[in-house]
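Both backbone and side-chain heavy atoms feed into the values below; hydrogens, waters and symmetry mates do not. Throughout, numbering of the chain's residues begins at 1 and tracks the sequence.
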Amino acid sequence: MKNKPTPTADCRPAESHLSPECTLFDALSCLITRGLGAIPVGEPGEQQKILDASTLVKAWQAGLPGETPLSALTLEPADAARPEVPGAETLINGLPLLLWLKDRQGRFLLVNQSFAESCGQASPQAVLGKTDLDLWPREKAELYRTQDAEVMDSGRPRTLIEEINDKGTPTWFETYKAPVRSRDGRILGTLGFACDISERMRQEAASRHDQAQLAYVLATIGEGVWDRDLLTDRVTHNPRWCELLGLDESYLAHPSADLLALVHPDDRSRVSRVIDTCLCGGGAYCCEYRIRHANGHYLWVRDRGDVVELDEHGQPLRMVGSIADITHARETAEALQESQTRYQQVFNNVREVIFQTDIFGNWELLNPAWTDISGFTVDESLGRNFGDFLHPDDRAHKYSAFKPIIARTLPHCSATLRLQCRDGSYRWMDIFIRAQLNEAGEIIGTSGTLNDVTARVAAEDYLRLTASVFRHAHESIIITDPSACILEVNDSFCALTGYTRDEVIGQNTRILRSGMHEPAFYEHIWAELLETGTWQGETWNRKKNGELYAQLGNISAVRNEAGQTTHYVGLFTDITDIKESQRHLEHLAYHDALTQLPNRSLLADRMQMALAQAERNHTLAAVAYLDLDGFKPVNDNLGHDAGDLLLVEIARRLQASTRAGDTVARLGGDEFALIYNGLEHSDECEQVFARLLASIAEPVTIEGMELRVTASIGVTLCPLDGSDPETLLSHADRAMYLAKQAGRNCFHLFNPERDRALRAHRDAQIRVETALCDGELELHYQPKMDARSNHLTGVEALIRWKHPQLGLRLPGEFLPMVSESRFEVELGNWVLATAVAQLDSWCQAGFSTPMSVNISARHLLHPDFVAELKSVLKAHPGVDAGLLQFEVLETAALGDVKRIAAIMAECNSLGVSFAIDDFGIGFGAVNSLRSLPVRSIKIDRSFIHNMLNDDDDLATVQSVIGLATAFHREVIAEGVETSSHCQALLKLGCHQVQGHGIAYPMTAARMQAWMQEHARRH
């Protein structure tokens, strides 16, 4: 416990005022013991101020210590007009303090809720009449009683600081106790306050620690540190600064002019300029210059500094910075520059490309010869990988060619590779490359040269090409005489047929025939060769091992100068895999790859056949849409492989449930379609699908685990349904979703009547969409007024439908038709764009009236909402975004609060504010005010309408206004219809009103005329 000295000045309040030297504790004691709401401060006269309970509460809530003098507060003059101020009750219940009042015997006469809770009591009434001995351990209670006695005996207040350890955590309290006197001066008891100052004590301790740390850093840092006070124009330094310049400790503090005098004369003006720029708001500076050492020579230093403290007018008060010796670095840099110049001359003029790369093969250095050869500039090539410039076919060879360097088996190696030039051409380059090692012997990059050898490689390639075309051709090549005896074959022929060259030379090509072609086929080939000299087509041949293969061939006749055929040359390509792929693709085109069931394409054909059969035989065909229940958890928990196995088993069971002529198809995922033909009446569906559901529900064992799934089935009957195949499947799909909603593991028969009702709702929705396209929708505007001054505070944009036949329709008559549809967002975007365009028009006409726009939850949560808002505001740059406010229903705001709060914050950053509409009808009013960044709340019209006659509605209105005040939000009452409503709302503290009692919603033109007339009257 620490006692603070009692002030020497007597701060006991005079009969009519307090001294400015009195503390917050003294003022609090005075107001509570006298039951006052305010008291003058200072002697009577022009300088006298007034202190009220609200000001005292705000001071304490701002964290000012209890011993802060009243002279430190900003108080209103005593004769200034003030609204009615709260009394002592505000202090008792509003201060963040523990408060108590005792009589001379130590009995508690008054405590606040905070004190009661600190004693473990539920309410202040539970403490009244008790003493410290009833509430605290005896040792602590006796201490408090002794302190009370000292205060009453001395007749003077006492302030002390206590440290209380609660479960090892220290808590600090500042306690103030003062005597309570009667009007004749007798001491009747004591008044006490206790304030938690733990945070302040921790901050003071942290500040002391930081100062000690800073002192240590300044003493040990390797650079010279300076601190310039601009008021005194003196500079202080750390010891390192003096060491750098060889100065004694007398230079640790000196006038700033002495520092500039040490700077080299040629550098002073430049140093002065950068410092002046920094002082004028140019930001931190970094400057290199010469400064004189104590022995007379100059050092090069790097000086960094910045302004760190400003006065209340923004003028600099203090600068700090550091100085580092860079003399050695400057000398080294100059020597390197001279050497670099000589190297650069050689580097720029050699005809070979000189390069360096990093460890990953990225160019770090290239000379101009690179541009001469490749066409790429050095700047655009640096940083790119060496391999990026090679022919794609040579990139793999690069790795094998340079592998000895990577493996450290050779210090250098070479290769000949193709370089890709800027114009798209390729040039052959001899590449010599050497590994670059660090001191540890690790590769850190490479260096080497590139030499253009394109001409040499071209000559070598031509010779190799002419020698190897025949042998290495990918196609199978066969040369025969005019009678089809084989003279020569290439390696591809041998690889394809399985025959060796020696086995076929001299043989007739008939040895390759497969037997799949008729003799007329070969007669046609010979006839075409004799007539045109060429034939092209597909044939099936047989390999040596008897295996068949398909080939695409081209046979050409070779003629001599006399026009006689001397040879036939055939080029053949193996297309067996292509043929197999075609067959496989044809199967895949009509079957599901996993289950091998017919797919949607084949299903359409089967449905056409079923419809024709049903009409021809006068029977029914059932089209069923089946979706598995519980399939997703199998995929999620066991993986897709297990899910695929389950689907295959279900497909098997579905096929087992059908007869010859019926169809089972997989539509995708866990969805199947079935066609049952030949039903006599609809009652048969009950038996058919009951058996099917039972079969699917049987357990399935996969990977040793027993799995169970069920199915939801939608069924429609044709020709009763009377629709085309695609529509039949759509109807069955709708019925399946109804089966899902009915609890799953069941089937539902499509009902055309219910479907017509759904279509009617959709038609109504489409009619609203058409109304927007046809310009039948428009916005009306309703004023918002300040009931105190009768001034216009804003307008609300409200949508209306000018129906050609039904006349003007209100939102409640048509907005439910589009609720939760995609069109709801499109309509919301139209309302937003139209409202902002009107706001722009009014601003240009001189009416900068705020406008609110209603936003639905679906529209607000749309991913493109903020982007759309930005686009609309950008289209109207003359509109101040602060004039725009969005109204969101409270019930909508209570949905995904975190996501809605993020969207609101993003809109707030653009200047757009939010209001919660119909406030009070939801169940999370306080939560929405706490969590959402909204400016305003609107009291629902239902409460306003009945508030004059219904006490519950009146209480609701009062509570909403109280919440708005507590959370610093504007409050607007909508639905105000009479002057009595206005007067009642004003008394409750709500002055912004809206409703038919003010003005009905009106068109934009009438609203502008109304605003002009209102402006003239007011």
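Side-chain contact of Asp629 with Ser712: a donor-acceptor pair under 3.5 Å is present, judged by distance alone. Inspection of the His1014 and Asn790 side chains reveals no N or O donor paired with an N or O acceptor under 3.5 Å. For the residue pair Ser852/Gln885, the side-chain donor-acceptor check at 3.5 Å is not satisfied.
Looking at Arg941, Lys784, Glu796 one by one, the single match for side-chain hydrogen bond (donor to acceptor under 3.5 Å, both in side chains) with Gln994 turns out to be Glu796.
At a threshold of 4.5 Å between non-hydrogen side-chain atoms, the residues Glu906 and Lys870 count as touching. Between Arg800 and Pro1001 the shortest side-chain heavy-atom distance falls below 4.5 Å. Taking 4.5 Å as the limit, every side-chain heavy atom of Thr793 sits out of range of all side-chain heavy atoms of Ile972. Side-chain contact between Leu777 and Val831 is absent, with no heavy atoms from C-beta onward closer than 4.5 Å. A 4.5 Å side-chain heavy-atom check between Phe914 and Leu860 finds at least one atom pair inside the cut-off.
Taking the side chain to side chain donor-acceptor pair (under 3.5 Å) definition, one finds that Glu778 meets it with His780, sequence neighbours left out.
Taking a 6.0 Å sphere around CE of Met609, one finds it holds 12 or fewer heavy atoms contributed by other residues, nucleotides or ligands. The number of heavy-atom neighbours closer than 6.0 Å to CD of Glu726, taken from other residues, nucleotides and ligands shown, is 12 or below. The 12-atom threshold is exceeded at CZ of Arg767, counting heavy atoms of other residues, nucleotides or ligands nearer than 6.0 Å.
Of the possible polar contacts, none joining the Asp721 side chain to the Leu728 backbone as a donor-acceptor pair under 3.5 Å is found. Not one N or O on the side chain of Arg744 forms a donor-acceptor pair closer than 3.5 Å with the backbone of Thr710.
Taking the six-membered ring where the residue is Trp, Phe814 and Trp801 present perpendicular rings, their angle passing 60° and hence far from 30°.
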task: Quick one: do Asp950 and His945 satisfy side-chain hydrogen bond (donor to acceptor under 3.5 Å, both in side chains)? Show the steps, please.
output: CA-CA 9 Å; Asp950 189 314; His945 181 74; over 6 Å; no
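A ring pair (Phe, Tyr, Trp, His ring centres under 6.0 Å) check over residues 968-1006, counting only residues at least two apart or in different chains, returns the pairs His996-Tyr1000.
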